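Reading through the structure tokens given below for one structure.
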Protein chains: 2
Amino acid sequence: MPDNIPTQNTGLRGVTIASTKISDVDGDAGRLIYRGYLIQDLAENATFEEVCHLLLYEKLPEEDELKDFKARLAAERDIPVELIAALKTRPKDAMPMDILQSGVAMLAHHDPDIQDTSRDALLQKALKLIAKLPTILAAWDRIRNNNEPLASNPQLDHAANFLYMLNGTVPDEEFARFFDICLVLHAEHSFNASTFAAREVASTRAHMYAAVAAAVGSLSGELHGGANVRVMEMLMEIGSLDNVETFVNQTFDAGKKLMGLGHAVYNTDDPRAHILAPMSERMGQRTGETKWYEMSKLLEVTGKKIFKQRKGRDIYANVDFYSASLYHSMGIPFDLFTTLFAISRVAGWTAHVIEEQFADAAPKPMLYRPESDYIGDYCGPDVCEFVPLTQR
Amino acid sequence: MPDNIPTQNTGLRGVTIASTKISDVDGDAGRLIYRGYLIQDLAENATFEEVCHLLLYEKLPEEDELKDFKARLAAERDIPVELIAALKTRPKDAMPMDILQSGVAMLAHHDPDIQDTSRDALLQKALKLIAKLPTILAAWDRIRNNNEPLASNPQLDHAANFLYMLNGTVPDEEFARFFDICLVLHAEHSFNASTFAAREVASTRAHMYAAVAAAVGSLSGELHGGANVRVMEMLMEIGSLDNVETFVNQTFDAGKKLMGLGHAVYNTDDPRAHILAPMSERMGQRTGETKWYEMSKLLEVTGKKIFKQRKGRDIYANVDFYSASLYHSMGIPFDLFTTLFAISRVAGWTAHVIEEQFADAAPKPMLYRPESDYIGDYCGPDVCEFVPLTQR
């Protein structure tokens with residue numbers, strides 16, 4: 001390794017480990033591309049179902065293809081009654097991401113084609129996972145609130161149906177489309193930690209459910225998918241517009257970071273943040289409480305200004321920053337925020353599992369088996385002499 | 001990157017990604033060390049409980065420490081009745097590794113200290129996972145066979161208690177010790193795929209259950225923990241000693257590999273194979289059927305000889321090779337083989353999660369976020385122009 005690319009304990013930053021056709025994150029240009037298409041174009045013009053088709057089948061669907069794909073997705077929405085029964089055994093205070101991880105793992109038990117490793121079988125598993133994750137989540141939220149889970153509504157599109165199963169009411173068009181755009185924006189982001197976990201597990205030839213369950217686990221960490229919850233907690237802590245500047249200064253004084261500002265990959269605006277911000281504002285207007293949006297906006301501007309004064313560098317809002325106030329205005333409980341990330345990103349995870357196991361590019365991906373540097377010095381440079389229990 | 005260390009699609013082979021004090025695998029010397037101690041010394045002299053203490057607390061326990069540690073482990077063996085209830089909802093033909101992945105994820109729902117991220121809390125979670133994984137597995141095997149799960153027996157050590165909970169009979173001393181040695185041998189092996197998955201998930205600050213569930217998923221792949229099952233399937237296919245040589249030639253003629261011979265890391269004898277072989281022979285003598293051991297032995301010698309003739313290189317038995325016939329002689333169903341790997345390796349996984357989150361060495365591990373090379377050429381070198389649905 002050259003000195004300028006350290007790989008030890010640096011989380012593989014800057015190390016190119018694979019080739020991919022799925023997405024491109026250009027952190028310097030602030031550009032995100034899903035299989036050739038700019039995220040801005042997709043968010044403005046395409047539905048989540050179209051994006052899933054793009055990610056899995058490598059093309060935007062024609063009208064007939066989309067109709068067929070939506071019908072297949074809708075047909076896979078419901079989950080087995082045995083899985084509902086299992087969810088009902090779970091403690092009501094379990095964390096939703098933990099419920100989702102176990103739920104994904106349990107889906108494997110019900111797939112009659114679990115041993116089929118063909119590409120077609122993988123595409124079908126991807127479809128099932130995309131269709132059923134929202135159902136698990138909505139069912140869980142109802143069960144923990146002592147309501148019976150609802151059957152899906154085949155008349156509704158993917159986003160609207162999830163909101164219906166969660167809330168028991170059909171959302172209006174604007175609400176459904178805003179949520180649909182959130183799903184589009186979160187669907188894919190190259191080798192982030194959860195996607196990398198999915199690919200790592202898939203590289204052992206484990207099945208797609210095992211890989212996606214690993215990805216859900218990875219996403220649950222507060223440094224990854226948990227960040228949008230922490231943004232909302234931060235907004236609650238700040239409480240009002242008056243407190244923003246003081247909070248920013250106190251945070252920086254303490255050597256801490258502002259949640260949702262800054263990103264491991266983007267060195268400029270995260271294109272997704274700009275799409276989310278006006279939706280957050282509009283949803284606030286709809287609920288009559290624009291304060292969370294306004295605080296976010298002021299926090300972005302103030303955080304940026306003070307960071308620049310102190311560090312001489314710029315800092316930018318990331319995807320978690322405005323999704324927090326947006327989800328809150330949508331009436332979604334805090335502890336479901338990260339799960340919304342999961343029910344969208346599952347599209348990317350499954351596309352990556354297929355690429356990991358069926359890449360047509362050479363060299364094909366191999367089982368991940370990195371090296372580590374042993375620094376155990378328990379008995380100096382030598383091995384330890386074994387001492388029997390009674391003589392220790 | 002220098003040309004001699006390719007990192008793209010090569011599964012990070014030869015790339016040192018972290019420092020670790022937990023274990024050292026010297027593939028050229030055929031040496032495996034757990035925190036300073038040679039695996040041979042531990043297999044000969046130490047129990048699985050002593051090895052768990054070594055891996056988690058960085059020292060072999062003194063007598064009082066071991067007594068206390070064993071009591072704490074035994075006290076954590078039983079699983080919540082709600083988890084038993086959940087297992088009873090599962091289809092009886094579910095794959096045991098899939099049951100284990102969901103079971104680990106569900107354990108998180110029952111841990112009242114799930115939010116505690118202190119080192120002590122992590123050590124306690126590790127203890128719970130080591131204690132409860134065998135119970136989940138034994139309970140599942142009984143449930144799928146229409147038997148009620150058994151409560152653990154606090155009089156028995158870890159290995160003997162598992163065999164009791166699985167079979168309903170207390171094993172004799174030799175059987176229990178052989179199984180104990182299997183657990184010692186499989187407990188840790190540096191950055192193999194499942195351990196890497198656990199660390200990857202832990203790097204996002206996800207909790208230990210989420211990380212271990214990911215590791216179970218990774219281990220379930222046939223290129224990783226699934227290999228010992230495939231060794232047994234191969235032995236069944238060969239059927240008798242007479243067929244060994246023909247099978248070896250046919251396998252190599254077809255360009256395939258012999259299962260259990262060869263390893264990603266060892267370029268010489270896997271020290272664990274030599275410890276397992278005589279146990280396989282002895283268990284065969286006990287059951288009166290030594291044929292599986294004898295076939296394994298002949299297959300090792302013949303495979304080695306013919307591989308050398310054809311390729312001019314040596315090939316060596318790995319840890320999966322003799323564990324297959326050994327587990328079979330122990331009366332363990334094929335489809336539990338990989339789960340035995342998991343109930344042992346959980347000791348290593350949990351030690352690695354703690355190191356990932358609490359390494360005292362600098363630099364501390366960072367969130368895994370590798371780079372990928374975008375090779376999507378959907379619209380040539382440019383981005384694709386978005387075409388509305390009706391015009392595609």
Side-chain angles (χ1 to χ4, degrees), chain A residues 7 9 11-12 15-21 24 36-38 41 62 82 85-86 89-91 94 98 101-102 105-106 108-109 190-191 193 197 200-201 204-206 210 213-214 217-218 220-224 264 363 365-376 378-379 383-384 386 392, chain B residues 7 9 11-12 15-21 24 36-38 41 62 82 85-86 89-91 94 98 101-102 105-106 108-109 190-191 193 197 200-201 204-206 210 213-214 217-218 220-224 264 363 365-376 378-379 383-384 386 392:
Chain A
T7 57
N9 296 358
L12 294 167
V15 181
T16 302
I17 66 164
S19 53
T20 182
K21 295 176 73 176
D24 186 27
Y37 292 91
L38 282 170
D41 288 340
E62 296 172 21
E82 297 87 352
T89 70
R90 305 292 76 222
D98 294 346
Q101 191 184 33
S102 60
M106 283 192 276
H109 310 158
S190 78
F191 276 63
E200 205 277 345
V201 170
T204 72
R205 298 293 174 265
S218 178
S220 73
E222 65 174 29
L223 298 185
H224 189 8
M366 288 171 72
L367 172 72
Y368 281 103
R369 210 311 175 191
E371 296 292 319
S372 55
D373 178 29
Y374 180 63
I375 57 167
Y378 298 100
C379 300
V383 296
C384 302
F386 188 87
R392 282 174 205 155
Chain B
T7 57
N9 298 358
L12 293 167
V15 181
T16 302
I17 65 164
S19 53
T20 182
K21 296 177 71 176
D24 187 26
Y37 293 91
L38 283 169
D41 287 343
E62 296 171 21
E82 295 87 353
T89 70
R90 304 293 77 222
D98 295 345
Q101 191 184 33
S102 60
M106 284 193 273
H109 312 158
S190 80
F191 277 62
E200 204 278 345
V201 170
T204 72
R205 297 296 172 265
S218 177
S220 72
E222 65 174 28
L223 298 185
H224 189 9
M366 288 171 73
L367 173 71
Y368 282 103
R369 212 310 176 189
E371 295 292 321
S372 54
D373 178 28
Y374 180 63
I375 57 166
Y378 298 101
C379 300
V383 296
C384 302
F386 188 87
R392 282 174 206 154

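A note on names: the letters A, B, ... follow the listed sequences, proteins ahead of strands, and every chain is numbered from 1. Note that this is a predicted model, so its numbers are computed, not measured.
- Scanning all heavy atoms of the two residues, the minimum distance from B/Cys384 to A/Asp41 falls at O-OD2, 4.5 Å.
- Across all their heavy atoms, B/Lys21 and A/Ile375 have their closest contact at CG-CG1, 3.6 Å.
- A donor-acceptor pair is defined here as one N or O able to donate and one able to accept, closer than 3.5 Å; no such pair exists between the side chain of B/Asp98 and the backbone of A/Ala210.
- Summarising the geometry of A/Tyr37 relative to B/Phe386, their closest heavy-atom pair is CE2-CA, 4.0 Å, with the distance given to 0.1 Å.
- We find the OG1-CG distance between B/Thr16 and A/Asn9 to be 11.0 Å, quoted to the nearest 0.5 Å.
- Across A/Ala85, A/Ala108, A/Ser372, A/Ser220, the residue that shares the most heavy-atom pairs under 4.5 angstrom with chain B is A/Ser372.
- Contact count versus chain B (heavy atoms, under 4.5 Å) is highest, among A/Ser190, A/Ala193, A/Cys379, A/Pro370, for A/Pro370.
- B/Arg205 contributes no side-chain N or O that, together with a main-chain N or O of A/His224, makes up a donor-acceptor pair within less than 3.5 Å.
- Annotation: side chain of A/Leu12 is in contact with side chain of B/Leu12 (closest heavy-atom distance under 4.5 Å).
- Between the side chain of B/Thr204 and the backbone N or O of A/Ser218, at least one donor-acceptor pair lies under 3.5 Å.
- Each of B/Gly221, B/Ala214, B/Gly376, B/Gly217 has some count of heavy-atom pairs under 4.5 Å with chain A, and the biggest count is that of B/Gly221.
- Closest non-hydrogen pair, B/Arg90 versus A/Glu82, comes out as NH2-O, 3.1 Å.
- Using a 4.5 Å cut-off between heavy atoms, B/Tyr378 touches chain A through its side chain atoms alone.
- Within the model, atoms CG of B/Asp373 and OG1 of A/Thr20 stand 9.5 Å from one another, a figure rounded to the nearest 0.5 Å.
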